[in-house]
Amino acid sequence: MSLAKVYEPGRFEPRWAQWWVESGIFQASAEAPGPVFSLVIPPPNVTGSLHIGHMLEHTEIDMTIRWRRMQGANTLWLPGTDHAGIATQMLVERALAEEGLDRRRLGRQAFEQRVWAWKERYGDTIKRQMIRLGASCDWSRERFTLDPGLSRAVREVFVRLYEKGLIYRGEYMVNWCPRCQTALSDLEVVHDETPGNLWYIRYPVLGAERSLVVATTRPETMLGDTALAVHPRDERYRDLHGRRALLPLMEREIPIIADELADPEFATGVVKVTPAHDPNDFEAGRRHDLPKIQVIGETGVMTAQAGPYAGLDRFEARRRVVADLDRLGLIEKIEPYPLKLGKCQRCKTPVEPLVSIQWFVRTKPLAEPAIRAVEEGRIRFVPENWTKTYYEWMYNIRDWCISRQLWWGHRIPAFYCADCGHATVARQDPQACAACGSARIEQDPDVLDTWFSSALWPFSTLGWPEDTADLHKFYPTSLLITGFDILFFWVARMIMMGLECAGEVPFREVYIHGLVRDAERQKMSKTRGNVIDPLEVTEKYGTDAVRMSLLLGAAPGTDIVLTEERMLSARAFANKIWNAARFLFLNMERSAVEPWLPPEGVPRRPEPPAGRNEARLEDRWMFSRLNRAAEAANRALQRYRYHEAAQLLWQFFWHEFCDWYVEIKKLRFSQNSGLNADWRNTLTVFEAGLRLLHPAMPFLTEELWQRLASGRSERPRSIALARYPDYDAAAEDPAAESRMALLEEIVVAARNLRSVLQADPRQTLEAVLYSVGEAAELAEAQRDILERLAAVRIEVRREAPPPAPGGVLHSTPEFDLLLRVPRARSEAQRGRLEKEIERLEKLAAGARRQLSNPEFLSRAPEPVVASLREKLSDYEAQLAKHREVLAALTP
RNA sequence: GGGCGCGUAGCUCAGUUGGUUAGAGCGCCUGCUUCACACGCAGGAGGUCACAGGUUCGAGUCCUGUCGCGCCCACCA
């Protein structure tokens, strides 16, 4: 039963983590009766060790799911263990590089085998990490992307959408990453402010003695220009509509077109049109039926179309083009011009807009129901201001490019015919072209965007497209907890796909947590090197402490700053709980108290001591406070206010239970022995406190609870299966709470005076309590508590204090407390009195001012006025007393 | 360019619908190794709630503007 002096999480955390998983206590079942709570969690970052941001997520998820379970819900958690594509691709490429292998030479099959091997290996690591972090995951339901079920779901969705015309193949301008060699969706392009130039280039107009000056940030693309454009109503260039210009360097004739693409306000008002390398120009090219000349290739190297520049890198080509133009005297001027350069989210290579044939999802028809679902409240965002961001994006949504030229992922189920060119899209691999019957067909080598399969997670994991029991029971899930960084990537798309495929929203609520930042408020990122490794800090401070420190900062809508100090103080809290338990256990042994766990139905009212009718004040107070803490904790968790829950539990356990209740109980334990009412009440509160804390600090509470419960076979196997304490109006005891508050006030007053006197803490002082009200009666009734906690011997007088009491005095409206000391030492309180008088005068003046305002008296609600009047009279009474004491001090 | 958010104690942040003396943790100061805990106990100092107006009997809280900071989205070359 005895505990180590200091809380050592490493001793027991791994054991419980293991046990929770092995014992299957978190298993959910479609057959189980009762309420259902299920959630979807985002995938951890597969490319590296688990990020601390994920730990926050896991903590909130784990806390929620434990809490719901303790409330009796059948809880299911769909772990986003992995998702195809990006992350794995990077992981594997890194591995290949280490082995000195080139994926192009390796061949697709060998490459895929390696990926699979890596995923298998890595999936396990993630699992272990999550367990260690306290994830109460229902592993019986884990489903990897590797699962053929998901592949089947992906294919089913693709074919369905294709048949409905919601997926199409088309020539489009896509963002191309020359390094990754793949198309990117708009969302995967990040815009960086980069210094650049605006080059003003002169294009001679054919058959005229003038030239047009065009400003561009990308001179090398001029090689692919197929027109110049001016605004139709721009008077400066009206005469040039339909004329032709000469494209320098390439010596090609290009038309001058009138198009709104040109902004008369910007630069010269003339813009070059490069349909093959700019999205706007691409559109303009369509409007005017311009040819597209691709001068930059897929690797970022100039193509044969670039004439003399063919074979050059795009940036080298830029330098040459500028130099050559300059030599010809065609550079009008060069201005520095900062631009937002689009870069690949993964490798930061500047993205090249290229025309190519890709697969797209037509998003508008999918977005409409997804918008309605939120408008109608079928999905709720917490905090709700994210709703606006969601609408903003959904209303302006653009078609989603889903084909990726990667080697890993779900392959696009389209088969192209070598004879007629028809694309056959089918659920089963076709043997022949659906159009001409030719057997010469080949599957599209591209794979789907990883977010395509991720979007199906909420239902594909439940067995869709089969009509499974799981699907009926657990879909829609109750909650998704995630970061805002994947709101569009993942959340919005899950909503669209859920509605389209499963016919219902995938989740009812979306809780969006903050971003974890380091002490310098920097976003954690691997490149900055400021990533906190969750396993390292959990090792150092304990999982419970790290969880607690995350929760304390997790106010919705704000970033979370994680610092060593915060984790240290959280560890101190864990240690406090540990030592409170240690105290109880040691005293149980000392007083020959058998291990005792309160009965399952926790008593709402404390038990009176043997031979008495009424329970002790401290017990009545503590039970009432416990009840309130339970109420507040439940309410906070209900509203996803994790920080509130954490703070309140901290306050309750440390400052109410430990600082007051246990301190008072020391008095009782020293006076009696054996399992009596005092012990039963104490252990009842302690045990309930552990249950209250369990969702936040699962390891510590499980460890202590198991020790309490040792040998009690009739109890649940785990604290995780016990009931979460809830509120009961009948358990409120406001009388006890206000009496205890007054008692605390008296104790603090005495300690305060002792401190003023710099009294030796071990010396018992003589005190007199003057009161004509409740305080006198209370002090007499609770003399033992008062005398012990304040280290005084107290005399109670039902009268007002004399003007020269002979000691130091603490006055309140309820009572006056005197500590008897020689006159010389009572001088110590002079400064304190003067300060107090000043403070009270200010307060009284403010109150008087407000009370003399007729507007206030006539307009403010009566209770507000009454309470202010009462306050004012208290201030005045206090002032009078303090002035008297001060006067008595002054000779 | 559009949208969102932030500015409260030395630091990191809470502060629910406007109503007592604006809170917590860390740090700081004083005293204490009191037999659960120095990862502790007791006491204390510290804030014109960014600034300027407005609404109101009453504003940290609501409105407008200014300054400073952050994030997201967007095809202006």
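Every chain is numbered from 1 and lettered A, B, ... according to where its sequence line falls, protein lines coming before strand lines. Excluded from the calculations below are hydrogen atoms, water molecules and symmetry mates; all remaining heavy atoms, backbone and side chain alike, are included.
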Side chain of A:A262 only, heavy atoms from C-beta on: which candidate in B:C39, B:A36, B:A77 is closest? B:A77
A:R668 meets the side chain to side chain donor-acceptor pair (under 3.5 Å) criterion, sequence neighbours left out, with A:E618, A:D784
Report yes if at least one side-chain N or O of A:N396 is closer than 4.0 Å to OP1 or OP2 of B:A74; otherwise report no. no
Identify which nucleotide among B:C73, B:G44, B:A77 has an atom closest to any side-chain atom of A:F488, counting heavy atoms from C-beta outward. B:C73
Are there any protein N/O atoms within less than 3.5 Å of an N/O atom in nucleotides 15-19 of chain B, and if so, which ones and at what distance?
residue: B:G15; atom: OP1; partner: A:R641; partner atom: NH2; Å: 2.9

Distance-only criterion, 3.5 Å: show the donor-acceptor pairs between side-chain atoms of residues 261-272 of chain A and protein atoms not counting sequence neighbours.
residue: A:D263; atom: OD1; partner: A:E265; partner atom: N; Å: 2.9
residue: A:T268; atom: OG1; partner: A:V213; partner atom: O; Å: 2.5
residue: A:T268; atom: OG1; partner: A:V270; partner atom: N; Å: 3.3
residue: A:K272; atom: NZ; partner: A:T221; partner atom: OG1; Å: 2.7
residue: A:K272; atom: NZ; partner: A:D225; partner atom: OD1; Å: 2.9
residue: A:K272; atom: NZ; partner: A:T274; partner atom: OG1; Å: 3.0

Atom pairs, N/O to N/O, protein against nucleotides 2-11 of chain B, distance under 3.5 Å?
residue: B:C4; atom: OP1; partner: A:K388; partner atom: NZ; Å: 2.5

Look at the side chain of A:R398 and decide which nucleotide, out of B:C73, B:C75, B:C39, has an atom nearest to it. B:C75
Base partner of B:C71, which must satisfy Watson-Crick or wobble distances under 3.5 Å: B:G3
Just name whichever nucleotide pairs with B:C28, Watson-Crick or G-U, keeping both distances under 3.5 Å, else none. B:G44
Assign A:Y541 to base, sugar-phosphate, or nothing according to its heavy-atom contacts below 4.0 angstrom with the strands shown. nothing
Quick check: are there more than 12 heavy atoms from other residues, nucleotides or ligands sitting under 6.0 Å from CD of A:E335? yes
Using a 4.0 Å heavy-atom cut-off, write out nucleotides 20-32 of chain B from 5' to 3' as B (base contacted by protein), S (sugar-phosphate only) or - (no contact). BB--SSS---S-S
Looking for any heavy atom pair under 4.0 Å, which part of the strands does A:K666 touch: base, sugar-phosphate only, or nothing? base
Would you classify A:V6 as touching base, sugar-phosphate or nothing, given that sugar-phosphate means primed atoms plus P, OP1 and OP2, and contacts are heavy atoms under 4.0 Å? base
Counterpart base for B:U61, defined by Watson-Crick or G-U wobble contacts under 3.5 Å: none
B:A14 pairs with, by Watson-Crick or G-U criteria that keep both distances under 3.5 Å: none
Touch class at under 4.0 angstrom, heavy-atom based, for A:G342 against every strand present: nothing
With no hydrogens and no angle check, do the side chains of A:E188 and A:S185 hold a donor and an acceptor under 3.5 Å apart? yes
Got a sec, which pairs hit side-chain hydrogen bond (donor to acceptor under 3.5 Å, both in side chains) with one end in residues 645-661 of chain A, sequence neighbours left out? A:D619-A:Y661, A:R625-A:E656, A:H655-A:D659
